[in-house]
Amino acid sequence: MENIVVLTGAGISAESGLSTFRDSDGLWEHHRVEDVATYEAWQRNPNLVRSFYNERRRQLFSAEPNEGHRQLVRLEEKFNVHIITQNVDDLHERAGSSKVLHLHGELKKLCSETDPFYIVTLDDWEHTSAMKDKAGYPLRPFIVWFGEAVPMIEPAIELCRNADILIVIGTSLNVYPAAGLINYCSPHCKRYLVDPKETSLGIPNGFTFIQAVATKGVKQVVDEILM
Ligand code: APR
């Protein structure tokens, strides 16, 4: 069975009502990265960081997967499909994708700062200061912040090395190491890029560009691959 790797970013969830980061009106236009998305911010002002992610989580609990997420599930009929997502939402899983690797963490989870294996899943949106690990230390969001290591990058690189087809959807390819994953695919790998806009760096070499929103463009690519 051939291997398909799908690399997704915030754009695939935009039509589910979740904001992207760098579009006009995106999250980083309203919040400073250094105030809410670094370990230093968490140490300086945990209430602000908690409230930023609580708001994201509250939106996620009322969001639903869209046609872009759902179309990707069809590929599993004929291919070994791995989704590598930069997104911290769970919309790929809820759409039915069976293999989803989260590079930047998961919004519905919290973790211990001292025990990397202590991870809890929230069943509601609110993370409060009363939530503690077994040793009594406050739990932090299970998010890979700017400046932190990306533990899942090695398995993601391995998946890209073995990809026969790579589909990149809704990412500005601005953030490394995630953006560098496309360079690990072999020369024979067929590549598609779905995005309503060209990235600031243009279309990366060897990609077929489908200039469309995810709810339209993903179906077009999936139809072509399954044809
Ligand atoms: N369908 C598809 N793509 C879309 C849509 C849509 N409906 N709407 C916007 N896009 C595209 C934009 O054109 C842009 O190329 O989605 C991309 C979003 O880019 P970013 O906001 O930079 O998001 P992303 O690439 O996922 O960011 C990477 O940065 O801040 C960090 O950790 C955060 O995981 C995130 C990482």
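Counting starts at 1 for both ligands and their atoms, in listed order.
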Hey, could you give me the CD/CG distance between Glu29 and Asp23, rounded to the nearest 0.5 Å? 9.0 Å
Can you give me every donor-acceptor pair (side chain of residues 132-151, partner residue at least two apart or in another chain, under 3.5 Å) with its distance?
unit_1	atom_1	unit_2	atom_2	d
Asp133	OD1	Ala135	N	3.0
Asp133	OD1	Gly136	N	3.0
Asp133	OD1	Tyr137	N	2.8
Asp133	OD2	Ser112	OG	2.8
Asp133	OD2	Thr114	OG1	3.4
Arg140	NH1	Glu148	OE2	2.9
Arg140	NH2	Ile143	O	2.6
Arg140	NH2	Glu148	OE1	3.0
Trp145	NE1	Tyr53	OH	3.1
Glu148	OE1	Trp145	N	2.8

Short question: side chain of Asn87, backbone of Ala10 - any donor-acceptor pair under 3.5 Å? yes
How about Gln220 and Glu224: does a side-chain donor come under 3.5 Å of a side-chain acceptor? no
Taking the ring centre of each residue, are Trp125 and Phe61 less than 6.0 Å apart? no
Could you check whether the rings of Phe52 and His31 sit parallel, tilted or perpendicular, using 30° and 60° as the cut-offs? perpendicular
Residue shell for ligand 1, any heavy atom closer than 4.0 Å, reads Gly9, Ala10, Gly11, Ala14, Glu15, Thr20, Phe21, Arg22, Asp23, Trp28, Gln86, His104, Phe146, Gly170, Thr171, Ser172, Val175, Asp195, Pro196, Lys197, Val213, Ala214
